[in-house]
Amino acid sequence: MKGKVTLVCIAFIRSAQSMIDSWARPFEQEFGKDRRFTVYEVPMINKGWKVLSLMIDSGMRGGIPVEKHDNVVTFYGDYSGYRNALGMENTELAYVFLLDQEGVICWKGEGYSSPETEKELLSTAMALRPAALKQRGL
């Protein structure tokens with residue numbers, strides 16, 4: 001992840017996948033062929049489900065294209081610390097975070113994207129491109 005502009009998409013429930021897709025699809029359409037950008041999906045699953053992790057992971061992989069398997073990282077455990085630190089109050093929503101090349105959060109969205117928030121995400125990501133940063137002397 002370091003060295004790339006990264007969109008991290010986090011969800012706590014299966015039904016939030018369509019929310020993630022509303023952010024990830026336009027991001028991938030805009031930057032998918034550029035190796036300086038990447039997308040990760042992080043399903044957050046309560047530690048009580050850890051014993052079924054192989055079955056859960058297998059089921060999730062079935063709905064994900066093979067080329068994206070390496071970009072889905074499931075977290076099993078107590079996620080309350082992450083929720084608090086990242087301001088993810090509603091577990092019914094998806095959350096997206098845009099990270100710069102150093103892993104610093106530069107932008108956050110939640111729920112479904114809208115035309116306005118999609119534009120914000122894409123323009124912020126464009127400004128974080130390594131070439132754009134060099135032009136600005138950063």
Side-chain angles (χ1 to χ4, degrees):
M1 221 170 24
K2 192 166 180 167
K4 295 185 179 196
V5 175
T6 304
L7 183 66
V8 177
C9 307
I10 299 174
F12 301 91
I13 58 174
R14 172 101 173 91
S15 61
Q17 184 63 50
S18 59
M19 293 178 208
I20 286 175
D21 293 343
S22 76
W23 298 99
R25 281 189 184 131
F27 189 88
E28 290 172 332
Q29 286 173 346
E30 184 71 29
F31 304 111
K33 292 184 168 80
D34 190 331
R35 292 182 169 207
R36 297 172 294 179
F37 295 85
T38 192
V39 176
Y40 280 92
E41 291 187 26
V42 183
M44 297 285 239
I45 300 176
N46 191 295
K47 62 185 173 188
W49 294 98
K50 177 86 172 144
V51 295
L52 299 174
S53 62
L54 290 175
M55 188 171 58
I56 293 169
D57 290 346
S58 176
M60 283 193 289
R61 273 191 207 95
I64 299 169
V66 173
E67 64 273 10
K68 292 186 177 186
H69 283 191
D70 290 343
N71 292 66
V72 177
V73 182
T74 306
F75 175 87
Y76 290 95
D78 179 6
Y79 48 68
S80 61
Y82 293 103
R83 284 187 59 210
N84 293 334
L86 297 171
M88 299 184 292
E89 296 174 8
N90 186 344
T91 58
E92 305 264 322
L93 298 177
Y95 293 86
V96 294
F97 300 90
L98 184 65
L99 284 60
D100 69 9
Q101 293 87 348
E102 298 300 316
V104 176
I105 297 171
C106 298
W107 189 88
K108 176 185 175 185
E110 63 184 49
Y112 285 98
S113 69
S114 67
E116 296 81 21
T117 56
E118 180 183 317
K119 185 177 177 181
E120 282 177 29
L121 169 64
L122 298 178
S123 64
T124 302
M126 189 70 74
L128 292 173
R129 281 186 335 211
L133 295 174
K134 286 180 185 175
Q135 289 174 354
R136 295 193 325 234
L138 300 174

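Atoms considered below: every heavy atom in the structure, side chains included; atoms not considered: hydrogens, waters and symmetry mates.
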Between [atom1] on residue [X] and [atom2] on residue [Y], distance to nearest 0.5 Å:
X: Y40; Y: T6; atom1: OH; atom2: OG1; value: 7.0 Å
X: D78; Y: M44; atom1: CG; atom2: CE; value: 9.5 Å
X: E92; Y: M19; atom1: CD; atom2: CE; value: 7.5 Å
X: T38; Y: E28; atom1: OG1; atom2: CD; value: 8.5 Å
X: D34; Y: M126; atom1: CG; atom2: CE; value: 9.0 Å

Any heavy-atom pair between the side chains of [Y] and [X] that's under 4.5 Å?
X: T91; Y: I13; answer: no
X: F12; Y: M88; answer: yes
X: L86; Y: F97; answer: yes
X: R36; Y: F31; answer: no

Between [X] (side chain) and [Y] (backbone), is there a donor-acceptor pair under 3.5 Å?
X: Y112; Y: S18; answer: no
X: Q101; Y: L128; answer: yes
X: W23; Y: V8; answer: no
X: S113; Y: S22; answer: yes

Set out, in order, the CA-CA distance, both residues' side-chain angles and the distance that settles side chain to side chain contact (heavy atoms under 4.5 Å, CB included) for V96 and W107, then state yes or no. CA-CA 8 Å; V96 294; W107 189 88; 3.8 Å; yes
Do you know which two heavy atoms are closest between [X] and [Y], and how far apart they sit?
X: L93; Y: A16; answer: C-CB, 4.4 Å
X: F27; Y: A125; answer: CE1-CB, 3.7 Å
X: N90; Y: R83; answer: N-NH2, 4.3 Å
X: C106; Y: T124; answer: O-CG2, 4.4 Å
X: L122; Y: P26; answer: CD2-O, 3.9 Å

So Y82 and F75, would you call those rings parallel, tilted or perpendicular, with 30° and 60° as cut-offs?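 Ring orientation of Y82 relative to F75: perpendicular.
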Is it possible for you to say whether L99 and I10 belong to one hydrophobic cluster, with membership spreading through side-chain heavy-atom contacts below 4.5 Å?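 They do share one cluster, since a chain of ILVMFWY contacts under 4.5 Å joins L99 to I10.
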Applying a strict under-4.5 Å side-chain criterion to I, L, V, M, F, W and Y, I'd like to know whether Y79 and I105 cluster together.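 Yes; I105 is reachable from Y79 via cluster members.
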Tell me every residue that passes side-chain hydrogen bond (donor to acceptor under 3.5 Å, both in side chains) with Q17, counting only those two or more places apart in sequence or in another chain.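 With sequence neighbours excluded, Q17 shows a side-chain hydrogen bond (donor to acceptor under 3.5 Å, both in side chains) to D21, E41, given in chain and number order.
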For K119, look at atom NZ and say whether over 12 heavy atoms of other residues, nucleotides or ligands are found less than 6.0 Å away.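 Check fails, neighbour count at 12 or below.
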